[in-house]
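Written below as structure tokens is the structure these notes are about.
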Amino acid sequence: MSRAREGARVPAPLLVPATVGVLFLALPLVGLLIRTPWSQLVPQLTAPGVGQALRLSLVSATLATLLSLLLGVPLAWVLARSRARGRAVLRALVTVPLVLPPVVGGVALFLVLGRQGIVGSWLDDAFGITIPFTTTAVVIAETFVAMPFLVISVEGALRAADARFEEVAATLGAGRWTTFRRVTLPLVAPGIAAGAVLCWARALGEFGATITFAGNFPGTTQTMPLAVYLALQRDPDAAIVLSVLLLVVSLGTLLLLRDRWVGRAGAA
Amino acid sequence: MSLRASVRLRRGTLDLQLDVEVADGEVLAVLGPNGAGKSSFLRVLAGLLPPDAGHVTVDGAAWDADGVHLPAHRRALGMVFQDALLFPHLSVADNVAFGLRTRGTGRTAARRAAGDWLTRVGLEGMADRRPGELSGGQAQRAALARALVGEPALLLLDEPLSALDARTRLTVRAELRRHLADFAGSTVLVTHDPVDAMALADRVVVVEDGRVVQTGTPQEIARRPRTDYVARLVGLSLLPGTGSGTQVRLDGGGVVAVAEEARGTVFAAVRPESVTLYVARPEGSPRNVWRATIAGATPHGGTVRCDLAGEVPLVADVTATAFAELGLAVGAQVWATVKASEVAVYSR
């Protein structure tokens, strides 16, 4: 008993910064809740445009997550399993959006997919497709920023998974694709789910790349973070209410999925 | 169904050169110390590791040859690993049915076959359990069922019993022996435990540093070891020397009297239980009497195994009672005797 208590006692040099750290992270959220004009909550939330922005945020973040799963899981497999050369370069490329200021990401996307862009001008000429300032642009910007979170999380899960199971599958007649579907994927499912939650949360909060590449048009490209920023300039109370709404949605999603997936990945 | 393999493989410090043939229904044990290349050899047979040169032929079909490398999943084989390695996300029955499903058997038929095999290995009623709910012995039985359900031409066992505790190992070994007797294909068992090799194999190949140092039936290996490693494994003292008449002059000095005539370079092998220790020089005239110092003593059940240092290096088993009554200890001076008729002699 005393041993367990001893183990639980935190040394003072760690305790003080840890406490400051908790306060630093939690206080702004508390401040947000304290300043929330609870009486105006209902009228603010039912104001025109709020539902629209929330719906757009949820839909585009979910689409960005799906797109990230589709492209990111295979990419993670290549990074974790293949012995192809240039994997180090590939991993660095994948990590770039993590450290790149999102606004710069938005500019870069614009230069490639904009009307005058390398790919964008061809899309425009050949198919008459323009991407910037559309909901598609929102999804692309969010995917660009959020997918690395998924890739890194899934790659970690793949590396931690016991590769001998894949050899066992091979001795049981499973080719590479069957092995991937029936053994590898189920083994790393908790890691994929955890990565997808992170990816979704990051996409939901995306601001810089979105406003640069997709603009700020209510109904098509104005997501919640953009609406919050805009509201702050003219009606701070509205901004607070919208912020609380976004906080509740993301926290709720995280808590809901935590027990099912994230916790399990943490335990594994 | 038969296996013929000749494998050349270089990997880091490992330089493997192994040629084996295994007939229908035969069990070949590859016995050797860790790092001898046994597991790499098995991985080559499984197709998980391409050999640098050589060939693997099963039932006349080339699995590995010049320009041929059949990938693991296209080989008709079953493999059991040291730690069962049941897929944790599948039920026990789905684990056993896995190989049938990948090879195109329908769901219902595969489940029925898996159920039959679970009964055969004594796991009826466990079909819907998760692998995590099985004991080590049960998991290894399920792994065996999973390897055998597809009726492979070749069964590969990689240290199948070494992860089990002593008591479980005994029962699983006996069951494995029974299943191997029923198995029509060729079996290659890799192990570092001579008991496994002796109990399960029809023939043993001893491998050291990537080379075969001895092959024979388990009885031959146990009675006439050819290297120190094998001698130690089977618990014999191996004394190389030159025979002349009923005497063997040892390479390391000293003379051993033997019952049979021996000529040329020979091994003299002495079992620990035929060595008797005395504190004073024994009366009478035993022909083999040597002075020795007890260099080490390890309790071993009811006996104490003593390593003797002296002109003739021997290992002696003394009952724990005798060890205590004689007041023996490490460093003690003793006299060791062996009857000439208890010394096995065979040519090198």
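Sequence lines set the chain letters: A, B, ... in the order given, protein chains first and strands last, and positions in each chain run from 1.
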(message) Quick check: closest heavy atoms across B/Leu48 and A/Ala170, and the distance to 0.1 Å?
(response) CD2-CB, 4.2 Å
(request) Report yes if the side chains of B/Arg146 and A/Val168 come closer than 4.5 Å at any heavy-atom pair, otherwise no. (result) yes
(message) If you compare all heavy atoms of B/Phe87 against all heavy atoms of A/Phe165, which two are closest, and at what distance to 0.1 Å?
(response) CE2-O, 3.4 Å
(request) Inspect the surroundings of CG in B/Asp66 and state if more than 12 heavy atoms from other residues, nucleotides or ligands are less than 6.0 Å away. (result) no
(request) Heavy atoms only: give me the nearest A/Pro186-B/His89 pair and the separation to one decimal. (result) CB-CD2, 3.3 Å
(message) Quick check on A/Arg181: does its CZ atom have over 12 non-hydrogen neighbours (other residues, nucleotides or ligands) under 6.0 Å away?
(response) yes
(request) For residues B/Pro88 and A/Leu187, report the shortest heavy-atom separation together with the two atoms involved. (result) CG-CD2, 3.4 Å
(request) Please name the pair of heavy atoms, one in A/Leu172 and one in B/Arg103, separated by the smallest distance, quoted to 0.1 Å. (result) C-NH2, 3.6 Å
(request) Below 4.5 Å from any heavy atom of chain A, which atoms of B/Arg74 appear? Answer side chain, backbone, both or neither. (result) neither
(message) Please find the pair of heavy atoms, one from B/Asp83 and one from A/Arg164, that lie closest to each other, and give the distance.
(response) OD2-NH1, 3.0 Å
(request) Go through the atoms of B/Leu86 and report whether side chain, backbone, both or neither lie under 4.5 Å from a heavy atom of chain A. (result) backbone
(message) So for A/Thr178, is it side chain, backbone, both, or neither that comes closer than 4.5 Å to the heavy atoms of chain B?
(response) side chain
(message) For A/Arg176, is the CZ atom crowded, meaning more than 12 foreign heavy atoms sit under 6.0 Å from it?
(response) no
(message) Is B/Leu77 in contact with chain A via its backbone, its side chain, both, or neither, using a 4.5 Å heavy-atom distance?
(response) both
(message) Taking CZ in A/Arg87 as the centre, count heavy atoms belonging to other residues, nucleotides or ligands within less than 6.0 Å. Is the count above 12?
(response) yes
(message) Measuring only between side-chain heavy atoms, which start at C-beta, is A/Arg182 closer than 4.5 Å to B/Phe98?
(response) yes
(message) Which atoms of B/Phe81 are under 4.5 Å from chain A, going by heavy atoms: the side chain, the backbone, both sets, or neither?
(response) side chain
(message) I'd like to know if the side chain of A/Thr171 and the backbone of B/Ala46 have a donor-acceptor N/O pair within less than 3.5 Å.
(response) no
(request) Starting at CD of A/Glu167, measure out to CZ of B/Arg43 and round the result to the nearest 0.5 Å. (result) 4.0 Å
